[in-house]
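This chain uses plain numbering: 1 for the first residue, then up along the sequence. Atoms considered below: every heavy atom in the structure, side chains included; atoms not considered: hydrogens, waters and symmetry mates.
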Amino acid sequence: MEILYEDNHIIIVNKAPGEIVQGDKTGDEPLVETLKIWLKEKYDKPGNVFCGVVHRLDRPVGGLVVFAKTSKALTRLNEMFRNGDVEKTYWALSRNIPASPEGRLEHYITTTERNNKSYASLTEKKNSKKAILSYRLLGSSDRYNLIEVKLETGRKHQIRVQLSAIGCPIKGDLKYGDKRSNPDGSISLMARRIRFVHPVSGEVIDVTAPLPADPLWQAFSNIES
């Protein structure tokens, strides 16, 4: 577990692909519980440790996750995320190049719980939710293309399904149309940068996650967030 930012009210962790933020039916230890143990040991806290989940990343996704260390911060951060007051930037690797180097995507997303999969449509459907993101092509290596995504909404599997809808499934994401899985089962999507006004101090918090050591990512190490 890598801590990238911490103060009295919030803590930002660089989540590894494969970790879960909250508990699920697998029974694997979630990141929030690992973090509680770490906080308890670091500060020698008696009893239960407060650590609130503000938002989530899919299990295969790596990068920045914000947690609240106080109830005041949790309430305010929840509202900020809900109102779109947090700027979230993601980086994704795809084998394909988008037809336009940049754009804004609007779809209506429906999710089927039976197979845990989301579907994107250009027209509104029953139980669908509007999903909006903007993207731009940041660069290309000899095998892959790096696409930056900024979310305006937060829907289940939104980046994965919307990039797939324009012919750019994320590398290793078999569920949404890539042709081969990654050797370790993860996909090539990371929450690269997060920027927001601190819910208590009012200071601007701007944190960027380091690129994975994988050479596929390091090929883009000269590109700034």
Tell me which donor-acceptor pairs under 3.5 Å the side chains of residues 41-53 have, and how far apart each pair is, sequence neighbours excluded?
| from | atom 1 | to | atom 2 | distance (Å) |
| --- | --- | --- | --- | --- |
| Lys42 | NZ | Glu6 | OE1 | 3.0 |
| Tyr43 | OH | Glu6 | OE1 | 3.4 |
| Tyr43 | OH | Glu6 | OE2 | 2.6 |

Subject >> Main-chain N/O of Arg114 paired to Thr112 side chain as donor or acceptor, under 3.5 Å >> reply: no

**OP:** For the pair Glu19 and Arg59, find out whether any cationic side-chain nitrogen is under 4.0 Å from an anionic carboxylate oxygen.
**Re:** no

Original post:
Between Cys168 and Ile97, what is the shortest heavy-atom contact and its length?
Top reply: SG-C, 3.7 Å

**OP:** Keeping the roles fixed (side chain from Asn83, backbone from Glu79), state whether a donor-acceptor pair exists under 3.5 Å.
**Re:** yes

Subject >> ILVMFWY network linking Leu57 to Val66, side-chain heavy atoms under 4.5 angstrom >> reply: no

Original post:
Side-chain contact, heavy-atom cut-off 4.5 Å: Lys15 with Leu64?
Top reply: no

Subject >> Exercise: do Ser118 and Thr111 side chains pair donor with acceptor under 3.5 Å >> reply: yes

Original post:
Do Val207 and Val13 share a hydrophobic cluster (ILVMFWY, side-chain heavy atoms under 4.5 Å, transitive)?
Top reply: no

**OP:** Measure from the side-chain N and O atoms of Lys117 to the backbone N and O of Lys175, and report whether any donor-acceptor pair falls under 3.5 Å.
**Re:** yes

Original post:
Run the side-chain contact (heavy atoms from CB on, under 4.5 Å) check on Phe67 and Leu35 step by step: do they pass?
Top reply: CA-CA 9 Å; Phe67 295 90; Leu35 191 54; 3.5 Å; yes

Original post:
Heavy-atom distance under 4.5 Å between the side chains of Tyr90 and Met190, does that happen here?
Top reply: no

**OP:** State whether the number of non-hydrogen atoms from other residues, nucleotides or ligands found under 6.0 Å of Glu2 atom CD is greater than 12.
**Re:** yes

Subject >> Side chain proximity check, Ile166 to Tyr135, heavy atoms < 4.5 angstrom >> reply: yes

Original post:
For the residue pair Ala209 and Leu4, what are the closest heavy atoms and their distance?
Top reply: CA-CD1, 3.9 Å

Original post:
Checking Lys171 against Tyr144: charged group under 6.0 Å from the ring centre and within 45 degrees of the axis?
Top reply: yes

Subject >> Distance, nearest 0.5 Å, that separates CH2 of Trp91 from CH2 of Trp217 >> reply: 8.0 Å

Original post:
Between Val161 and Tyr119, does a side-chain contact (heavy atoms from CB on, under 4.5 Å) hold up when you go through it step by step?
Top reply: CA-CA 7 Å; Val161 68; Tyr119 300 86; 5.5 Å; no

Original post:
Out of curiosity, does Ile37 fall in the hydrophobic cluster containing Met1 (side-chain heavy atoms, cut-off under 4.5 Å, transitive links)?
Top reply: no

**OP:** Can you see which heavy atom on Pro60 is nearest to which on Ser186, and at what distance?
**Re:** O-CB, 4.1 Å

Original post:
What's the shortest heavy-atom distance between Gly202 and Val197, and which atoms?
Top reply: O-CG1, 3.4 Å

**OP:** Please report the C-alpha distance between Arg104 and Glu106 in whole Å, then the side-chain angles of each, then the deciding distance to 0.1 Å, and finally whether the salt bridge (charged side-chain N to carboxylate O under 4.0 Å, His left out) criterion is met.
**Re:** CA-CA 7 Å; Arg104 186 171 184 267; Glu106 294 190 19; 2.5 Å; yes

**OP:** Following the transitive rule for hydrophobic clusters with a side-chain heavy-atom cut-off under 4.5 Å over Ile, Leu, Val, Met, Phe, Trp and Tyr, establish whether Leu74 and Ile12 coincide in one cluster.
**Re:** yes

Subject >> From OG (Ser134) to CG (Leu105), nearest 0.5 Å >> reply: 8.5 Å

**OP:** Report yes if the side chains of Asn78 and His55 come closer than 4.5 Å at any heavy-atom pair, otherwise no.
**Re:** no

Subject >> Side chains of His198 and Asp7, donor plus acceptor under 3.5 Å >> reply: yes

Original post:
Counting only heavy atoms not in Asn8, do more than 12 fall under 6.0 Å of its CG?
Top reply: no

Original post:
Taking side chain as C-beta onward, heavy atoms only, is Asn145 less than 4.5 Å from Arg95?
Top reply: no

Original post:
Are any non-hydrogen side-chain atoms of Arg143 and Leu216 less than 4.5 angstrom apart?
Top reply: yes

Original post:
What closest approach, in Å, do Leu77 and Pro199 show between heavy atoms, and which atom pair accounts for it?
Top reply: CG-CG, 3.8 Å

Subject >> Pairs meeting criterion side-chain hydrogen bond (donor to acceptor under 3.5 Å, both in side chains) with involvement of residues 153-169, two or more places apart >> reply: Asp58-Arg160, His107-Gln162, Asn116-Lys156, Thr153-Gln158, His157-Tyr176, Gln158-Gln162, Arg160-Asp173

Original post:
Could you state the interatomic distance from CG (Leu146) to OG (Ser141), rounded to the nearest 0.5 Å?
Top reply: 9.0 Å

Original post:
Quick one: CZ on Phe196 to CG on Asp85, what's the gap to the nearest 0.5 Å?
Top reply: 11.5 Å

Original post:
Got a second to check how far Ile187's CD1 is from Asn182's CG, nearest 0.5 Å?
Top reply: 8.5 Å

Original post:
With no hydrogens and no angle check, is any side-chain donor or acceptor of Asp206 less than 3.5 Å from a backbone partner on Arg195?
Top reply: no

Subject >> Residue pair Asn14 / Gly63: nearest heavy atoms and the distance that separates them >> reply: OD1-CA, 3.4 Å

Subject >> Same apolar cluster (I L V M F W Y, side chains within < 4.5 Å links), Leu163/Leu138 >> reply: no

Original post:
Heavy atoms, side chains only, cut-off 4.5 Å: are Leu39 and Ile11 in contact?
Top reply: yes

Subject >> Intermediate values then yes/no, side chain to side chain donor-acceptor pair (under 3.5 Å), Ser94 and Asn96 >> reply: CA-CA 5 Å; Ser94 178; Asn96 302 334; 4.8 Å; no

Original post:
With Glu87, which of Arg192, Lys150, Arg193 fulfils salt bridge (charged side-chain N to carboxylate O under 4.0 Å, His left out)?
Top reply: Lys150

Original post:
Is Leu31 close to Ile20 at the side-chain level, that is, under 4.5 Å between some pair of heavy atoms?
Top reply: no

Original post:
From Ile10 CD1 over to Ile205 CD1, what is the distance, rounded to the nearest 0.5 angstrom?
Top reply: 5.0 Å

Subject >> Heavy-atom donor-acceptor pair, Ser100 side chain to Gly103 backbone, under 3.5 Å >> reply: no

